[in-house]
Structure formats: structure tokens, C-alpha cells
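The structure under discussion appears below in the form of C-alpha cells.
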Number of protein chains: 2
Amino acid sequence: MHTRTQPTVEEALAVLETGFERGYIVVLFGRCRVEYDGRAASSLAAGNRMLIAKPDGAILVHTETGQQPVNWQPPGCTHEGASTNGELVVRSKRETPAEQLLVQFERVDHAVAYDATGANDVTVTGTEADLRDRILDDPSLIEPGFEPRVTERETPAGAVDIYGKDEDGNVVVLELKRRRVGPDAVSQLNRYVSALDQELHAGTELRGILVAPSVTDRAERLLEKRGLEFMSVSPSSEDE
Amino acid sequence: MHTRTQPTVEEALAVLETGFERGYIVVLFGRCRVEYDGRAASSLAAGNRMLIAKPDGAILVHTETGQQPVNWQPPGCTHEGASTNGELVVRSKRETPAEQLLVQFERVDHAVAYDATGANDVTVTGTEADLRDRILDDPSLIEPGFEPRVTERETPAGAVDIYGKDEDGNVVVLELKRRRVGPDAVSQLNRYVSALDQELHAGTELRGILVAPSVTDRAERLLEKRGLEFMSVSPSSEDE
DNA sequence: CACTCTATCTCGGCT
DNA sequence: AGCCGAGGTAGAGTG
């Protein structure tokens, strides 16, 4: 780890460059302006901020508010530091799509280069995959007699989460969501049902069921209009 | 600004608490485990990481890779630090939805409290709003004779981006996207068109046009199947 | 507070 | 490299 408080431009640059070389996270605290140009374009006037440069090429500029950075570059970018007109300038670029970020420090108050190695594989539960497994484990959560046949069954409109049959032999398509859903989820299910309707030969009864903890009013009306169904199931049995 | 290198638990706690009091961003570098429980649940084994606690209640835990934090809490949470079994523990909570984050530091290598005040209003161009303004400014970008009437016109299925008439007096609904679109955008437009189709009295011709720089193959086929149209326009005239 | 939709969404998986 | 969908999406705007 390297740190510097109230460094000169050269000292801050040294922290930045030795940090990059060693694969450290480099963090600069100071007053800076930020310019971005690429998929969109943005400009940010001077203020005290925190810049985070990661060894995988990601860059984040954080202000005192918000969970999201005010400016950033994704992993895979190449960044470089330079001293320009007495200012520390950090530039980050990538191609495809072409975009670049320019951070100009009028003043650097503190610089840190830190070796942030260690496990970064977080295990998450309560996901859509958990909901899927729960239903495959106990299909009666949907309805008595429901039989899952395939997961991720392909259709011209995309892959259906769970494809199966009901006790009367009708084809059933499930679209799973881990949380309360709005109109977009209904449309998604509808796309799959429409696509399968064309694919399956006529006469086959086809049901589409949206499976989620709950739906909004508008989504419910939309389901009705499209002749689709809803079944309330949560990713975790504890949430019921 | 306050900084401490290789602080004791008490020293790190002091940086944390005086930082919170003064409305500073507090950053801790060290080896920690992270537990989250709320909308989902997650667990992260020990490793060297960076914790960022903002005065608005946001918390971020960053590893050496990725643009996104491995764990976080949104703004509005209350966080507190404590010394437990010789470890510095940071806990962050909120209600609605109930969720909490627990970060346990086996070791703190560096602590910073920084006053990150300053302008945080970034001006962005190339957004959907820019695309809308561009079309309102020159409706012929859609087609000769197109006349915008209302933006954000409400329908039972949601608000239409631009509602207008073509040169033959037909109702035209535009759905705008700032970048290349897939099937979801087609479904969205279709929802609005279907809803308006019921609302407008019979006999009125109704056209739906998806406006974006480009569409994917699947989206194009879906447009065709739904009897919808596409017009290529970018948010910025320079992108064409 | 809940609903709806945009986003430089990011991220992973697959083709 | 592009397409597609999930996400503890976050954030903004509105009712």
C-alpha cells in the first residue's frame, strides 16, 4: 500500500503509476473537473470528489451523494495519468464503443494505492434461479398436476423460463420474476406465447402463466386482456 | 480530512464517527467479510476491499474488479460503526424494504474521511430527451407531414413518448429509444398502440413507429408481425 | 409511498 | 463482437 497526503502533482502521479504497475486499486481524493464523451457525452464542473481506478480498467468518479458514480468507465479500459499545466490529469479510453473519460485535478488532497486482492465471488440467494429451482422441486406450487418439461426452451421470440404441461395435457409457458412485476413482464410472456402459438400446430391449447410474488394493477389488467394467468410464488419460501 | 494508516480498531472507529458527524465520505481499506440480507441475501468471504460510506446513507463495498460494488446499501440508510470482538464492524440498515448490510473488518489498513462537497450536477447529452427535442424541432425526421401533438400522452398502458398525426390525418404513436433496441421496445410500443386502439373510436387509422438509431433482427421481425414501423433517428445529429 | 420507465445502465451467458 | 435477459438493478418523474 502507498499513501500520500497533500501530494504534489508528481507525487500523486507516482502513486498512480506504481499502483497501476502493481495491480493495485488507486484512489485519488481532490478537486477535479470531469469530461466524458462516448455513448453519450457529459460535463461536470469542479468539485471535491473521489476517483477510483481499478486494475481491470474500470474507473469511477464518486461525489458525496448517490450510490452510483457521477462518471465512470467500464472494465477493459486503458487509463493513463499525466501532468498537464500543473494539473494531474487521468485519462481513460476504450474502443467499441469509442469512449473516453477525462478527469482533471486542480488539487489532489490524498492518494492511496491498495492491494485489494481476495475472494470476490459473492453467493446470492433469492434470485430467479432460486425461484425456478423451487418450482422444479415442487411443481404443485403452480397448480396440481403441473409438469415441467424443459427450462430455457427456445422460441423465435427467445427462451421460455419453464415449459411444461398441465393435468389436461395443455402446453404451459411460465415466465418467472423474483419480485413484483409491471407491464414489461406481461409483454415478455406474451411474446413467448405468441411465438409458440404459431409454432405449435393448431388445436393445441396454450397457457401462459406469469409467476412472481405479485403484480401491479396495470400488469394485472394487461394479463387479463391478453388471456394470460398469474400465480404468486416467491423465490424463497420464507417470503410468504 | 482525516486519515489513518494501519489504525487500531479504536482509531478507525474514530475516523468513521467523526467523519459521519461532519458529513464526510468515509473510506476504509482492509480485510473484511460482508453479509447482506433484505430483498435478497448474500455472503462474501474475507478479502481485501474498500468500503465507502457516504453522508447521504449510501454504502459501497468494492473489490479489485468490476464497475459495480460487490455489496452496497442505497442512500437513506443509517449506518453505525462498532468495535466487536476486536473487529471493526460497520452496520447499515433501512426499512421499506427491510434490509441490512454487515461489514466485519478483520484488519483495517487505511482509513480516510474526506469532505467531498462541490457541484454534483452533471450535464449529459445524447439522451432520449435530446432525441425527443430533435424530433419536435424537425418532425420531418420521422416523415414529411408528421405533426407532433402531445408528449407523454397518457394511455391505459402508460404514457406515449410522442403522439401526433401524419399528413393523411392518421394518429401516429412514437416510441423513442436513444440506442439500438431489441424486442422489449417493440413490445412497449405495441402495448401503447393496443391500448389506444381500444380507446379511439373505430375507423381511426393508428400507426405505431419505433424511433431509434437501429433495431436487432428479432425486433425487426416482431415489428413486422405486429404491423408496426421503424424509423432510424439518433439523439444527436452527429451520430449519423 | 407505489408505479412506470430511462440508463454512458452493468453483468453474465450464449451464439 | 452482438444479442438477450436478469438485477438486491439505481434514479427520476409522477400520482
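Excluded from the calculations below are hydrogen atoms, water molecules and symmetry mates; all remaining heavy atoms, backbone and side chain alike, are included. Proteins get letters first, then strands, A, B, ... in listed order; numbering begins at 1 in each.
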Problem set entry | Rounded distance (Å) that lies between atom P of dC3(D) and atom CZ of Arg221(B) | 12 Å

Exercise. With sugar-phosphate meaning primed atoms plus P, OP1 and OP2, does Pro75(A) contact a base, only sugar-phosphate, or nothing at under 4.0 Å between heavy atoms?
Worked result: sugar-phosphate

Problem set entry | Comparing Pro74(B) and Glu95(A) on DNA chain D - which has the more 5′ nearest nucleotide | Glu95(A)

For this session: Determine the contact category for Gln188(A): base if any of its heavy atoms lies under 4.0 Å from a base atom, sugar-phosphate if only primed atoms, P, OP1 or OP2 are that close, otherwise nothing.
Result: sugar-phosphate

For this session: Under 4.0 Å between any heavy atoms, over every strand shown, what does Ser42(B) touch: base, sugar-phosphate, or nothing? Just pick one.
Result: nothing

For this session: Grab the CG-P distance between Asp130(A) and dA6(D) for me, whole Å please.
Result: 15 Å

Problem set entry | Ion pair Glu128(B)/Arg134(B), N-O distance below 4.0 Å | no

Exercise. Is a side-chain N or O of Ser232(B) found less than 3.5 angstrom from the main chain of Pro213(B), in a donor-acceptor match?
Worked result: yes

Problem set entry | No-H, no-angle donor-acceptor pair, Glu128(A) side chain to dG7(D) base, under 3.5 Å | no

Exercise. Contact class for Asp37(A) (heavy atom, under 4.0 Å): base, sugar-phosphate, or nothing?
Worked result: nothing

Exercise. More 5' along DNA chain C: Tyr36(A) or Gln68(B), using each one's nearest nucleotide?
Worked result: Tyr36(A)

Problem set entry | Rounded distance (Å) that lies between atom P of dA6(D) and atom CG of Leu210(A) | 11 Å

For this session: Kindly say if Thr216(B) contacts the phosphate of dC4(D), meaning a side-chain N or O under 4.0 Å from OP1 or OP2.
Result: yes

Exercise. Is the shortest heavy-atom distance from the side chain of Arg207(B) to the side chain of Leu228(B) under 4.5 Å?
Worked result: no

Exercise. Between Arg49(A) and Arg31(A), is there a donor-acceptor pair closer than 3.5 Å when you use the side chain of the first and the backbone of the second?
Worked result: no

Exercise. P atom, dG11(D) versus dC11(C): distance in rounded Å?
Worked result: 15 Å

Exercise. Does the side chain of Cys32(A) reach to within under 4.5 Å of the side chain of Gln104(A), using non-hydrogen atoms?
Worked result: no

For this session: Could you check how far CG of Leu222(B) sits from P of dC4(D), rounded to whole Å?
Result: 10 Å

For this session: Pick base, sugar-phosphate or nothing for Arg191(A), based on heavy-atom distances below 4.0 Å to the nucleic acid.
Result: sugar-phosphate

Exercise. Does a side-chain heavy-atom distance below 4.5 Å link Ile52(B) with Ile59(B)?
Worked result: no

Exercise. Between Glu147(A) and Arg149(A), is the closest basic N to carboxylate O distance under 4.0 Å?
Worked result: yes

Problem set entry | Distance, rounded to the nearest Å, where Asp217(A) contributes CG and dT14(D) contributes C1' | 16 Å

Problem set entry | Distance in angstrom units between Asp161(A) CG and dG5(D) C1', rounded | 9 Å

For this session: Determine the contact category for Gly126(A): base if any of its heavy atoms lies under 4.0 Å from a base atom, sugar-phosphate if only primed atoms, P, OP1 or OP2 are that close, otherwise nothing.
Result: nothing

Exercise. Of the residues in residues 172-184 of chain A, which ones touch DNA chain D at a heavy-atom distance under 4.0 Å?
Worked result: Glu175(A), Lys177(A), Arg178(A), Arg179(A)

Problem set entry | Reference residue Leu210(A); test side chain to side chain contact (heavy atoms under 4.5 Å, CB included); the match among Leu174(A), Val173(A), Leu189(A) | Leu189(A)

Exercise. Got Leu28(B) and Phe105(B) here, is their nearest side-chain heavy-atom distance under 4.5 Å?
Worked result: yes

For this session: Would you mind classifying the nucleic acid contact of Ala157(A) as base, sugar-phosphate or nothing, using non-hydrogen atoms under 4.0 angstrom?
Result: sugar-phosphate

Seminar exercise, completed: So the contacted stretch of DNA chain C, first to last nucleotide with an atom under 4.0 Å from a non-hydrogen atom of chain A, runs from dC3(C) to dC11(C)

Problem set entry | Spacing of Gln73(B) atom CD relative to dT9(D) atom C1', expressed in whole Å | 14 Å

Exercise. Does a salt bridge link Lys93(A) with Glu99(A), judged by any charged N lying under 4.0 Å from a carboxylate O?
Worked result: no

Exercise. Within the pair Trp72(B) and dT9(D), is there a side-chain N or O less than 4.0 Å away from OP1 or OP2?
Worked result: no

For this session: Pick the C1' atom in dC5(C) and in dC9(C), then give their distance to the nearest Å.
Result: 13 Å

For this session: Please assess Phe29(A) against Tyr114(B) for the test ring pair (Phe, Tyr, Trp, His ring centres under 6.0 Å), listing each intermediate value before the final yes or no.
Result: CA-CA 8 Å; Phe29(A) 299 85; Tyr114(B) 184 71; 5.3 Å; yes

Seminar exercise, completed: note: Arg132(B), atom CZ; dG13(D), atom P; distance rounded to Å ~ 11 Å

